Amino acid sequence: MSAAEAAALIPAGANVGMSGFTGAGYPKALPQAIAAHAKAEHAAGRPYKLNVWTGASTAAECDGVLAEAGAIGQRLPFNTDPIARKAINAGEIDFIDMHLSHVAQHAWFGFLGHMHVAVVEVLGVTADGLLIPSTAVGNNKTWLEIADMVILEVNTKPPAKMEGMHDIYYGTAIPPRRVPISMTHADDRIGQPYLKVDLDKVVAVVETHKGDRDNVFAAPDANSNTIAASIIDFLSHEMKMGRLPQEMLPIQSGVGNVANAVLAGLLTGPFDNLLGFTEVLQDGMLDLLRSGKMARASATSISLSSAAYRDFEENIDFYRDRIILRPQEISNHPELVRRLGVIAMNSMIEADIYGNINSTHVMGSSMMNGIGGSGDFARNGFLSFFVTPSVAKNGQISCIVPMCSHVDHTEHDTQIIVTEQGLADLRGLSPKQRAKVIIERCAHPDFRPMLQDYVDRAMQQSAGLHTPHILTEALSWHQRFLDTGSMKIG
Ligand code: 0RQ
């Protein structure tokens with residue numbers, strides 16, 4: 001069926017589960033056809049919006065076109081598209097920012113409402129009616145299970161030899177019937193290579209032949225390289241001290257340039273036979289696999305630059321033995337992250353002097369991308385790093401502030417903060433001890449005296465001295481930036 005015919009089957013107001021995770025495996029044709037359909041409906045004076053649930057972010061030809069057409073009512077759980085972000089921050093899209101490991105189970109529990117339609121990209125359908133998953137698994141297993149009707153986009157562009165790479169676990173149940181997930185190594189296979197679907201629910205099959213978005217990265221800059229070097233030194237030290245096993249623990253790495261620089265640092269670092277247990281497999285991890293430094297990687301999505309993607313395609317026989325793609329409820333599962341002892345590394349927007357972390361909001365009220373999987377890994381990891389340059393916007397914003405303008409990860413989840421200024425190891429420290437090391441090691445020299453002055457005065461004025469604060473001043477740095485364009489005074 002054509003994408004336009006398939007799009008016409010989706011009624012206004014439907015809850016639609018789409019494939020897609022960090023710019024990989026999203027539907028390429030349906031969203032554009034839905035956007036055209038929405039525009040036609042709007043022109044005829046009829047309302048048309050859908051509630052769009054995915055694995056994580058998609059791309060311009062999915063979130064972008066839908067947002068541009070005003071076709072998204074509610075969106076969850078993660079978005080990086082600039083047009084959709086603008087609509088979210090203009091209050092036009094109701095965005096629900098969720099831990100990525102929660103999405104599938106909250107959908108089964110019925111917490112999110114009923115799913116009417118699933119639109120899922122696959123690489124093919126076997127003679128037995130099983131589905132070959134694409135470059136991202138995300139929440140596809142769940143969408144296919146719970147949707148009333150299913151639209152498949154069969155994309156013939158990704159290498160057909162990806163068949164067999166995936167590991168789809170069908171052992172999850174709803175409490176009280178849950179059982180332990182029997183995975184003890186990051187590279188264990190516990191499921192089957194195919195997605196299942198009730199063929200009676202498949203109302204349309206649409207063919208596409210199109211690659212995923214180009215997930216380009218700037219070459220790591222000096223700050224990213226310094227942060228990466230600090231983390232690698234720290235891990236070596238932990239190993240020397242006997243706190244980190246010699247065989248090293250599996251690595252999770254968030255998205256972005258700093259995350260990629262850390263992976264690039266591991267390429268020349270002292271660790272061998274690494275394992276990845278992450279959600280997004282980016283260029284840096286592909287390099288580690290190619291070099292032999294990393295033996296295997298488990299993820300839910302392959303999100304590559306076009307150059308890395310070519311390498312993946314050309315060397316698919318090599319990579320298919322080394323990469324395992326799982327549903328995100330498994331790639332990000334707290335039980336597994338804790339059992340495997342994952343080392344979590346995620347970027348943030350800002351940290352406060354006590355170690356609370358804001359990963360999602362700019363100046364307290366505007367959404368950037370979402371919490372993604374950072375919380376799944378940070379709370380349950382063996383070690384948890386949060387990284388950022390110490391300043392943003394040409395030095396006018398301090399990424400270390402008296403109080404975060406929004407909190408995604410509490411002080412209880414944060415172990416280690418790293419900026420290009422240095423590394424603050426917060427393990428075993430009280431709030432006041434944390435403030436001292438965060439200010440000394442992580443704050444930019446332009447803001448260090450202001451932060452110290454804040455703490456000194458809070459020690460005099462605060463009602464309680466466990467986490468000293470001056471409540472009328474705690475968020476004044478953000479307000480000053482909004483008023484003057486700088487957090488600096490004068
Ligand atoms: O804005 O693009 O307008 O210049 O934030 O900042 O430094 O380019 O960093 O691309 O690595 O993203 C936390 C957003 C970092 C990301 C975040 C502004 C800065 C710039 C981006 P401009 P950088 P990155 C795995 C785990 C949450 C989800 C997560 C993220 C823009 O890593 O979304 O971890 N993480 N998932 O100027 C105001 C500050 C700022 C600031 C930076 N303090 N105040 N603006 N910026 N610091 C993936 C998944 O879960 C799927």
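Because the structure is predicted, anything quoted here is derived from the model rather than measured. As the structure lists them, so they are numbered: ligands from 1, and atoms in each ligand from 1. Note that the numbering runs from 1 along the sequence shown for the chain.
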- Query: Under 4.0 Å from ligand 1, counting heavy atoms only, is it the side chain of Leu100, its backbone, both or neither?
  - Reply: side chain
- Query: Among all protein non-hydrogen atoms, which one is nearest to atom 41 (C) of ligand 1, and what is the separation to 0.1 Å?
  - Reply: Ala392 CB, 3.9 Å
- Item | Protein contact to atom 38 (C) of ligand 1 [nearest heavy atom, distance to 0.1 Å] | Ile397 CD1, 3.6 Å
- Task: Please confirm whether Ser253 comes within less than 3.5 Å of ligand 1 when only nitrogen or oxygen atoms on both sides are compared.
- Result: no
- Are His102 and Phe111 an aromatic pair by the rule of ring centers under 6.0 Å? no
- Query: Hey, which of Ile96, Leu50, Thr54 is the one that makes side-chain contact (heavy atoms from CB on, under 4.5 Å) with Arg75?
  - Reply: Thr54
- Message: For atom 35 (N) of ligand 1, what's the nearest protein heavy-atom neighbour? Residue, atom name and distance, please.
- Response: Ser359 O, 3.9 Å
- Task: Give yes or no for whether the N/O distance cutoff of 3.5 Å, strictly under, is met between Ile349 and ligand 1.
- Result: yes
- Query: Can you find a protein heavy atom closer to atom 9 (O) of ligand 1 than 4.0 Å?
  - Reply: no
- Would you please classify the geometry between the Phe377 ring and the Phe277 ring as parallel, tilted or perpendicular, with 30° and 60° separating the classes? perpendicular
- Message: I want to know if ligand 1 touches Lys393 in the polar sense, i.e. an N/O pair below 3.5 angstrom.
- Response: yes
- Task: Specify whether the nearest protein heavy atom to atom 1 (O) of ligand 1 is under 4.0 angstrom away.
- Result: yes
- Location of contacts on Met348 toward ligand 1, heavy atoms closer than 4.0 Å: backbone
- Task: Verify side chain to side chain contact (heavy atoms under 4.5 Å, CB included) between Ile400 and Arg448, making sure each step is shown before the conclusion.
- Result: CA-CA 9 Å; Ile400 309 293; Arg448 212 176 280 153; over 6 Å; no
- Which of the atoms of ligand 1 are close to Gly254, meaning less than 4.0 Å from one of its heavy atoms? 25 (C), 26 (C)
- Message: So for Ile371, does at least one of its heavy atoms come nearer than 4.0 angstrom to any atom of ligand 1?
- Response: yes
- Message: Test salt bridge (charged side-chain N to carboxylate O under 4.0 Å, His left out) on Glu238 and Arg427; report intermediate values, then the result.
- Response: CA-CA 12 Å; Glu238 286 299 294; Arg427 293 172 300 169; 3.0 Å; yes
- Message: Please report the interatomic distance CD(Gln328) to CZ(Phe21), rounded to the nearest 0.5 Å.
- Response: 5.0 Å
- Task: Examine the proximity of ligand 1 to Thr22 and report which part, side chain or backbone, both or neither, has a heavy atom under 4.0 Å away.
- Result: side chain
- Query: Just to confirm, does any protein heavy atom lie below 4.0 Å from atom 33 (O) of ligand 1?
  - Reply: yes
- Message: Tell me whether Phe78 has any N or O atom under 3.5 angstrom from an N or O of ligand 1.
- Response: no
- Query: Any side-chain heavy-atom pair from Asp376 and Val337 closer than 4.5 angstrom?
  - Reply: no
- Between NZ on residue Lys210 and CD on residue Glu61, distance to nearest 0.5 Å: 4.0 Å
- Task: First locate atom OG1 of Thr135, then atom NE2 of His166, and finally report the distance between them rounded to the nearest 0.5 Å.
- Result: 7.5 Å
- Considering only the protein, which heavy-atom contact is closest to atom 15 (C) of ligand 1, and what is its distance? Ser347 CB, 4.0 Å
- Please confirm whether Asn369 comes within less than 3.5 Å of ligand 1 when only nitrogen or oxygen atoms on both sides are compared. yes
- Which value, rounded to the nearest 0.5 Å, describes the distance between Gln74 atom CD and Phe95 atom CZ? 10.5 Å
- Can you sort out the partners of Arg326 under salt bridge (charged side-chain N to carboxylate O under 4.0 Å, His left out), two or more places apart, ordered by chain and number? Asp167
- Nearest protein heavy atom to atom 6 (O) of ligand 1: under 4.0 Å? no
- Nearest neighbour in protein (non-hydrogen) for atom 31 (C) of ligand 1: Met368 CE, 3.4 Å
- Heavy atom of protein closer than 4.0 angstrom to atom 50 (O) of ligand 1: yes
- Distance filter under 4.0 Å to Gly372 heavy atoms, resulting ligand 1 atoms: 50 (O)
- Message: Out of all atoms in ligand 1, which are within 4.0 Å of some heavy atom of Cys399? Include the element for each.
- Response: 43 (N), 47 (N)
- For Lys488, check salt bridge (charged side-chain N to carboxylate O under 4.0 Å, His left out) against everything at least two apart and list the hits. Asp446
- How far does OG1 of Thr467 sit from CG of Asn356, to the nearest 0.5 angstrom? 8.5 Å
- With atoms numbered from 1 as shown, which atoms in ligand 1 lie under 4.0 angstrom from a non-hydrogen atom of Asn346? 26 (C), 34 (O)
- Item | side-chain contact (heavy atoms from CB on, under 4.5 Å), paired with Glu329, selected from Val103, Thr142, Leu100 | Thr142
- Item | Option of least heavy-atom distance to atom 28 (C) of ligand 1 (set: Ser366, Gly370, Ser398) | Gly370
- Task: Measure from atom 24 (P) of ligand 1 to the protein's non-hydrogen atoms and state whether any distance is below 4.0 Å.
- Result: no
- Value for CG (Asp81) from CD1 (Ile72), rounded to nearest 0.5 Å, stands at 8.0 Å
- Heavy-atom protein contact below 4.0 Å for atom 47 (N) of ligand 1: yes
